[in-house]
Amino acid sequence: HTGLAAQALTAAWQFYPPELWSCPNTLEKVLSEIPDGTFSNPMAASQVLPFMVGKTYLDVGMLCIPENVPSITVDYSIINNLVGDNFKLSTQVLVPEGSVLLDVLRKAEEMNPQEFSFETKETSLGLLVTSIHGLAQNNEDKTYWQFFGDKKWLTE
């Protein structure tokens with residue numbers, strides 16, 4: 001949690017007197033923990049990297065979006081043949097090159113919310129898709145959504 005703590009302190013620096021928090025001391029602490037493998041977990045690394053460049057997650061909304069990014073067409077399908085009413089729905093969405101899966105889900109929902117609606121839940125590891133097309137994950141049934149790209153399970 002060092003990365004998140006450092007980000008929080010960076011975002012709220014004006015509320016702390018210098019004797020209670022020092023950016024150089026925090027940076028020194030973060031750097032001293034790297035050889036110990038503290039940030040070998042990708043989530044821990046993602047939390048500390050913004051701090052290393054003097055930013056926080058709050059700065060993400062202010063980042064510049066590159067102009068003239070080429071678009072790509074993504075074939076997006078949702079399939080349920082396990083529980084309840086079976087369905088297979090497909091569409092094509094146009095998203096900027098470099099988009100992530102969440103961008104594809106959002107674009108599909110924007111184009112056709114009746115068929116491609118989805119819900120997420122914030123977890124300590126990030127957003128978790130909990131429902132697609134009204135079909136929610138179910139811990140008792142041990143059902144959840146899996147995502148594939150080119151017939152391979154997506155790992156991120």
Side-chain angles (χ1 to χ4, degrees), residues 1-12 26-27 30-31 33-156:
H1 300 317
T2 305
L4 287 178
Q7 284 190 55
L9 289 168
T10 300
T26 304
L27 182 57
V30 167
L31 292 173
E33 290 185 9
I34 291 173
D36 298 333
T38 302
F39 306 109
S40 61
N41 173 308
M43 191 63 189
S46 75
Q47 293 168 353
V48 77
L49 287 174
F51 168 73
M52 300 290 282
V53 294
K55 304 289 183 189
T56 73
Y57 283 135
L58 298 175
D59 295 311
V60 169
M62 295 176 230
L63 295 176
C64 297
I65 299 172
E67 294 181 20
N68 303 324
V69 174
S71 294
I72 59 170
T73 300
V74 176
D75 294 317
Y76 174 57
S77 298
I78 54 175
I79 303 167
N80 168 44
N81 54 13
L82 296 176
V83 295
D85 295 331
N86 292 350
F87 56 84
K88 180 178 181 176
L89 304 167
S90 297
T91 191
Q92 289 187 328
V93 296
L94 194 63
V95 293
E97 189 175 282
S99 292
V100 296
L101 177 63
L102 191 57
D103 297 326
V104 173
L105 271 67
R106 286 179 176 147
K107 185 67 170 186
E109 181 179 48
E110 177 186 308
M111 292 169 42
N112 187 345
Q114 296 290 39
E115 291 188 351
F116 296 103
S117 63
F118 71 99
E119 295 177 13
T120 60
K121 175 175 81 172
E122 187 67 47
T123 72
S124 61
L125 298 175
L127 278 181
L128 171 69
V129 174
T130 58
S131 174
I132 297 178
H133 189 67
L135 183 59
Q137 71 178 35
N138 185 317
N139 292 338
E140 290 177 16
D141 292 339
K142 296 183 173 124
T143 57
Y144 54 93
W145 286 98
Q146 286 184 303
F147 298 95
F148 294 87
D150 295 327
K151 299 184 182 179
K152 295 177 190 167
W153 185 46
L154 296 178
T155 58
E156 52 181 281

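Atoms CG and CE, from L94 and M111 in turn, are 9.0 Å apart once rounded to the nearest 0.5 Å. Atoms CG and CG, on N81 and N86 in that order, are 6.0 Å from each other to the nearest 0.5 Å. From F148, atom CZ reaches atom CG of L101 across 12.0 Å, with rounding to the nearest 0.5 Å. In this structure, CG on N80 lies 5.0 Å from CG on L135, to the nearest 0.5 angstrom. The distance from atom CG of L128 to atom CD of Q137, rounded to the nearest 0.5 Å, is 5.0 Å.
Taking each heavy atom of A108 and T91 in turn, the nearest pair found is CB-CG2, 4.2 Å. Between V69 and P96 the shortest heavy-atom distance is CG1-CB, 4.0 Å. Annotation for W145 and I79: closest pair CZ3-O, 3.7 Å, computed over non-hydrogen atoms.
A 4.5 Å side-chain heavy-atom check between V74 and V95 finds at least one atom pair inside the cut-off.
The salt bridge (charged side-chain N to carboxylate O under 4.0 Å, His left out) analysis of residues 88-109, with sequence neighbours excluded, yields the pairs K107-E110. A ring-ring contact (aromatic ring centres under 6.0 Å, His included) check over residues 108-131, counting only residues at least two apart or in different chains, returns the pairs Y76-F116. Applying the ring-ring contact (aromatic ring centres under 6.0 Å, His included) test to pairs two or more places apart or on separate chains, those with a residue in residues 79-111 are F87-H133.
Every residue meeting the side-chain hydrogen bond (donor to acceptor under 3.5 Å, both in side chains) condition with S77, not counting sequence neighbours, appears here in chain and number order: S90. By the side-chain hydrogen bond (donor to acceptor under 3.5 Å, both in side chains) test, N139 is found to be paired with no residue, residues two or more places apart in sequence or in another chain being considered. With sequence neighbours excluded, the residues forming a side chain to side chain contact (heavy atoms under 4.5 Å, CB included) with D75 are Q92, listed by chain and number. Considering only residues two or more places apart in sequence or on other chains, T130 meets the side-chain hydrogen bond (donor to acceptor under 3.5 Å, both in side chains) condition with none of them.
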Are N138 and V83 close enough, and set up right, to give a side chain to side chain contact (heavy atoms under 4.5 Å, CB included), and what steps lead you there? CA-CA 10 Å; N138 185 317; V83 295; over 6 Å; no
Using the rule given for side chain to side chain contact (heavy atoms under 4.5 Å, CB included), can you reason through V129 versus L105, listing the C-alpha separation, both sets of side-chain angles and the distance that settles it, and then say yes or no? CA-CA 10 Å; V129 174; L105 271 67; 4.1 Å; yes
